[in-house]
Undergrad: 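Have a look at the structure that comes next, please.
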Amino acid sequence: MRSYKSTMATPIRLLPREKRERCLEEAGYNVFNLAAEDVFVDLLTDSGTGTMSDAQWAAMVRGDEAYAGSRSFEHLREAVSEVMGFERVVPTHQGRGAENVLYGVLIGEGDVVPNNTHFDTTRAHIAENGGDPVDCPIESADDPDAEGAFKGNLDVESVRTIAEDVGAERIPAVVLTLTNNSMAGQPVSMANVEETRELADELDAAFVIDACRFAENARFVQRREDAHADRPVAEIAREQLSYADALVMSGKKDGLSNAGGFVAVRDPDLFERAKQRAILYEGFPTYGGMAGRDMAAMAVGLREAVTGEYLETRIRQVERLGERLREEGVPIYTPVGGHAVYVHAGRALPEIPLKAFPGQTFVCELYREGGVRGVELGSFAFPGTDRPELVRLALPRRTYHDEHLEHVVESAKAVMDRHVTDGLEIVDEPDNEALRHFSAELRPV
Ligand SMILES: *Cc1c(COP(=O)(O)O)cnc(C)c1O
């Protein structure tokens, strides 16, 4: 059962079907172009879309908006120290700001940077600094049916092979993303974190953790890794991060905030360099592009994120959505990860050929049936790759109730029952194909 009650209500409405069809047409069959008001259940992302607690709102009122030496920064710094075990913190406007700051000082031309799987912005920032971002997931990760408690793990042996090929001196950093967002939100085991530490030592590389969903990851470790079953999640969360040399964090995920992020490091010299770069791109190092009130909210959010009550409600809700979809015969990626359920649209709409975008078609049909917004992460978003054709239904934290998710299940089932045969074709797309899913326009074929 939910470990909180709602004391603020945000009205949402389900538009009539004809209106939804018109919205879809006007949006060019791209749900990024929909007005949020026209969406009933919005599962586009879990990033910055969650509900803050009364304690977070209370902290916001007392936010200190001083340019330098803000008390709210001090509160954030203390929270990062207690919850995550890092003393040196550089605040940024969000996660990608943290990536720009850290990778801008760590990565140079010709470097190679392995990661269990690079998140889009991570990949882009490493490439921007002249580096070559390489994905090293374990073999079963791409298989939506493979069993495995930690399909988010880094394949450390494949990193060793890369190091032999290119030379360890070209690998300045090894990154581990907890949970593995681009791999269906799959968790990473504590054992894999430890192996990655050893690997980084061997290569004389910095060990960076992308900690966006570190709390959700800790809950999986507690439930699935025997050695940690009896420990509080907060302790596990802290231990995971204790092996790293640096963190990049988006407060919009497990910071339980609507904005913000930070870099945290151990090395005083790296700290100085990161602060100098942050001044250029983010802001003075005691606010980094955040309002004081946003830092205050994140300081409280980080502490709430590692409580057992919060995580139980959070992870169970995602898991339950997955169970209900499966019960109704909707094919999904299994096991279900931390922040989202991924529908296997290629199987849900088998009559639509890949060139007619079954994933994007499923997204549009889900909106047509129920005003539900998800996002395609398959052939439309990642042209030229052979990833499975998935649609992500990401759950904002502490936001939707079970009856909303039941509506999502019914809508998905209705899409399948209609046996849609018409797919989509692109009519207009931006020059940069890699970013097309944000803005391309399509039409039915
Ligand atoms: C969201 C995210 C980022 C980037 O954070 P933003 O706050 O969206 O800029 C980086 N890495 C991972 C794994 C993420 O999920």
Side-chain angles (χ1 to χ4, degrees), residues 32 43-50 76 84 90-104 106-107 113-129 133 135-137 141 151-154 173-188 193 196 208-218 220 240-241 244 246-264 278 281-283 288-291 294-295 297-298 301-302 305 314 318 337-340 342 375 377 381 392-397 435 437-438:
F32 278 99
L43 308 185
L44 184 69
T45 176
D46 66 320
S47 176
T49 51
L76 175 61
M84 305 173 93
V90 184
T92 61
H93 77 285
Q94 60 184 82
R96 67 201 68 186
E99 292 175 332
N100 179 27
V101 167
L102 185 68
Y103 298 130
L106 271 186
I107 312 298
V113 183
N115 192 330
N116 45 351
T117 313
H118 289 276
F119 179 68
D120 326 16
T121 58
T122 317
R123 184 186 311 282
H125 275 295
I126 286 169
E128 178 80 7
N129 286 290
D135 291 339
C136 303
K151 285 167 79 177
N153 280 356
L154 175 77
V174 178
V175 188
L176 200 54
T177 307
L178 313 180
T179 56
N180 192 343
N181 184 6
S182 301
M183 204 51 88
Q186 295 298 302
V188 174
V193 174
T196 308
V208 178
I209 289 185
D210 178 330
C212 291
R213 297 181 182 77
F214 77 107
E216 291 174 3
N217 198 81
F220 284 104
Q240 292 173 140
L241 306 179
L247 309 179
V248 285
M249 178 70 187
S250 167
K252 304 172 71 154
K253 282 65 173 260
D254 280 349
L256 305 188
S257 309
N258 302 120
F262 56 84
V263 173
Y281 289 101
E282 299 292 320
M290 271 185 280
D294 291 331
M295 293 190 285
M298 204 202 300
L302 284 172
R314 165 70 175 158
V318 178
H339 65 293
Y342 291 70
V375 67
L377 295 173
R392 185 183 76 180
L393 304 175
L395 293 195
R397 294 169 179 79
L435 299 177
H437 84 138
F438 294 111

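Whatever order the structure lists ligands and atoms in, that order sets their numbers, starting from 1.
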Undergrad: Distance to 0.1 Å, residue and atom name: give those for the protein heavy atom nearest to atom 4 (C) of ligand 1.
TA: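 Here the closest protein heavy atom is Thr121 OG1, 3.6 Å.
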
Undergrad: Strictly by modelled atom types, are Thr177 and Asn115 linked by a side-chain donor-acceptor pair under 3.5 Å?
TA: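 Their side chains do contain a donor-acceptor pair, which is all the 3.5 Å distance test asks for.
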
Undergrad: Looking only at the side chains, is there a donor atom on one of Thr117 and Asp135 sitting less than 3.5 Å from an acceptor on the other?
TA: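 There is no such pair between these side chains.
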
Undergrad: Out of Gly97, Ser250, Ala211, Ala394, indicate the one that has the non-hydrogen atom closest to atom 7 (O) of ligand 1.
TA: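 The option holding the nearest heavy atom is Ser250.
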
Undergrad: Atoms of ligand 1 less than 4.0 Å from Lys252 heavy atoms?
TA: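 Going through ligand 1 atom by atom, the ones under 4.0 Å from Lys252 are 7 (O).
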
Undergrad: Is Lys151 positioned over the aromatic face of Phe220, cation under 6.0 angstrom from the ring centre and no more than 45 degrees off axis?
TA: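 Judged by the rule, Lys151 and Phe220 form no cation-pi pair.
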
Undergrad: Are Arg397 and Asp46 close enough, and set up right, to give a salt bridge (Lys or Arg N to Asp or Glu O under 4.0 Å), and what steps lead you there?
TA: CA-CA 7 Å; Arg397 294 169 179 79; Asp46 66 320; 3.0 Å; yes

Undergrad: Which ligand 1 atoms, with their elements, are less than 4.0 angstrom from a heavy-atom of Glu99?
TA: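 Near Glu99, the atoms of ligand 1 are 10 (C), 11 (N).
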
Undergrad: Check whether the side chains of Ser250 and Gln94 place a donor and an acceptor atom closer than 3.5 Å, and report yes or no.
TA: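 Judged by distance alone, the side chains do not pair up.
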
Undergrad: Give yes or no for whether the N/O distance cutoff of 3.5 Å, strictly under, is met between Gly95 and ligand 1.
TA: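 Between Gly95 and ligand 1, an N or O pair is found under 3.5 Å apart.
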
Undergrad: For atom 11 (N) of ligand 1, grab the closest protein heavy atom and report residue, atom and distance to one decimal in Å.
TA: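 That would be Asp210 OD2, 2.6 Å.
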
Undergrad: For Cys212, take its heavy atoms, then give the atoms of ligand 1 lying under 4.0 Å from any of them.
TA: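 This gives 2 (C), 3 (C), 10 (C), 11 (N), 12 (C), 14 (C) as the contact atoms.
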
Undergrad: Counting each atom of ligand 1 from 1 as listed, which ones have a heavy atom of Thr177 under 4.0 Å away?
TA: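 Ligand 1 atoms under the 4.0 Å threshold to Thr177: 13 (C).
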
Undergrad: For atom 14 (C) of ligand 1, what is the nearest protein heavy atom, given as residue, atom name and distance?
TA: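 The answer is Lys253 NZ, 2.9 Å.
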
Undergrad: Which heavy atom in Gly152 sits nearest to a heavy atom in Asn116, and how many Å separate them?
TA: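 Taking Gly152 first and Asn116 second, the nearest heavy atoms are O-ND2, 2.9 Å.
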
Undergrad: Please work out, at 4.0 Å between heavy atoms, whether the side chain, the backbone, both, or neither of Arg96 comes within that distance of ligand 1.
TA: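 Looking at Arg96 and ligand 1, atoms from backbone and side chain both fall under 4.0 Å.
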
Undergrad: Can you find a side-chain donor-acceptor pair between Glu216 and Thr179 that sits under 3.5 Å?
TA: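 Side-chain D/A pair, Glu216 to Thr179: absent.
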
